[in-house]
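Just so it is clear, the values below take in all heavy atoms, side chains as well, and ignore hydrogens, waters and symmetry mates.
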Amino acid sequence: MIADNKIEVRGLDAWFRGTHALRDVSLSVPRNTVLAIIGPSGCGKSTFVRCINRMHELVPGARQAGKVLVDGQDLHARRVDPVDLRRRVGMVFQRPNPFPTLSIQDNVVAGLKLNGIRGNSAELVEKSLRQAALWDEVKDRLQHSALSLSGGQQQRLCIARALAIGPEVLLMDEPASALDPIATAKIEELIHELRASLTIVIVTHNMQQAARVSDATAFFYLGELVEHGSTEQIFTNPKEPRTEDYVTGKFG
């Protein structure tokens, strides 16, 4: 394990009952960097990120083999509490999913309450909303319903909720795919700012987005990791013909 690697994946396989979704995937993610996961639909991208915080195992009939380490710790070691792990490795999903019956403020602190974390909730709400670049837009209506926000604001609220519990890693599964270009740009700006304090893994179908936000890119195809390298190399000088065909739009 190289000291500067926040995440290390070794020989990862994953299944949904009889479907072999990931095949012998190995890669590392240095701390405070952004890794983009690209590839066509059904290639295992979302399954890969869900294995990093043990959400894959919550699906009935799902299983995995191999090792996933964060800071050198095997996430499937007996002493690892999956709930505590998901505090350290946060997740933001494709579609905004704020709690519909809660206010903007209560959405941010919901994760704290669920995890039994105490502290000055007002300070944490402001800090998390500032981190998510949302504070100035909502500071005068914190008691309003989360559903009163636009789609892009709801997604940043979900990011604030994930940040409130103090994760070290943030997994983002197509976080901007349902958003308009302006909201997408704000999410991308946010990723650039958060990399100073977090390690981020983002799944995206958008080649331009991957090129804009990531330090490294991994191309998945049919459950296999075809190529992993610096984002510049993957997009300008790919080593594998399948990678070149995908990034140039010949299939996907």
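Not a single side chain to side chain donor-acceptor pair (under 3.5 Å) links E244 to another residue, sequence neighbours left out. Residues satisfying the ring-ring contact (aromatic ring centres under 6.0 Å, His included) test with F235, not counting sequence neighbours, are none. For W135, the ring-ring contact (aromatic ring centres under 6.0 Å, His included) test picks out no residue, with sequence neighbours left out. E126 meets the salt bridge (Lys or Arg N to Asp or Glu O under 4.0 Å) test with R130; sequence neighbours excluded. Annotation: side chain to side chain donor-acceptor pair (under 3.5 Å) contacts of N97 (sequence neighbours excluded): R161. In terms of the side chain to side chain donor-acceptor pair (under 3.5 Å) criterion, residue partners of Q94 (sequence neighbours excluded) are, by chain and number, S177. Checked against salt bridge (Lys or Arg N to Asp or Glu O under 4.0 Å), R50 has no partners two or more places apart in sequence or in another chain. Under the salt bridge (Lys or Arg N to Asp or Glu O under 4.0 Å) criterion, D245 pairs with K250, not counting sequence neighbours.
The list of ring-ring contact (aromatic ring centres under 6.0 Å, His included) pairs with a residue in residues 17-45, not counting sequence neighbours, reads W15-H20. Sorted by first and then second residue, the ring-ring contact (aromatic ring centres under 6.0 Å, His included) pairs with a member in residues 50-71 read F16-H56; sequence neighbours excluded. Counting only residues at least two apart or in different chains, salt bridge (Lys or Arg N to Asp or Glu O under 4.0 Å) contacts with residues 170-180 are absent.
L102 belongs to a hydrophobic cluster with F99, counting contacts under 4.5 Å between side-chain heavy atoms of Ile, Leu, Val, Met, Phe, Trp and Tyr, direct or through other members.
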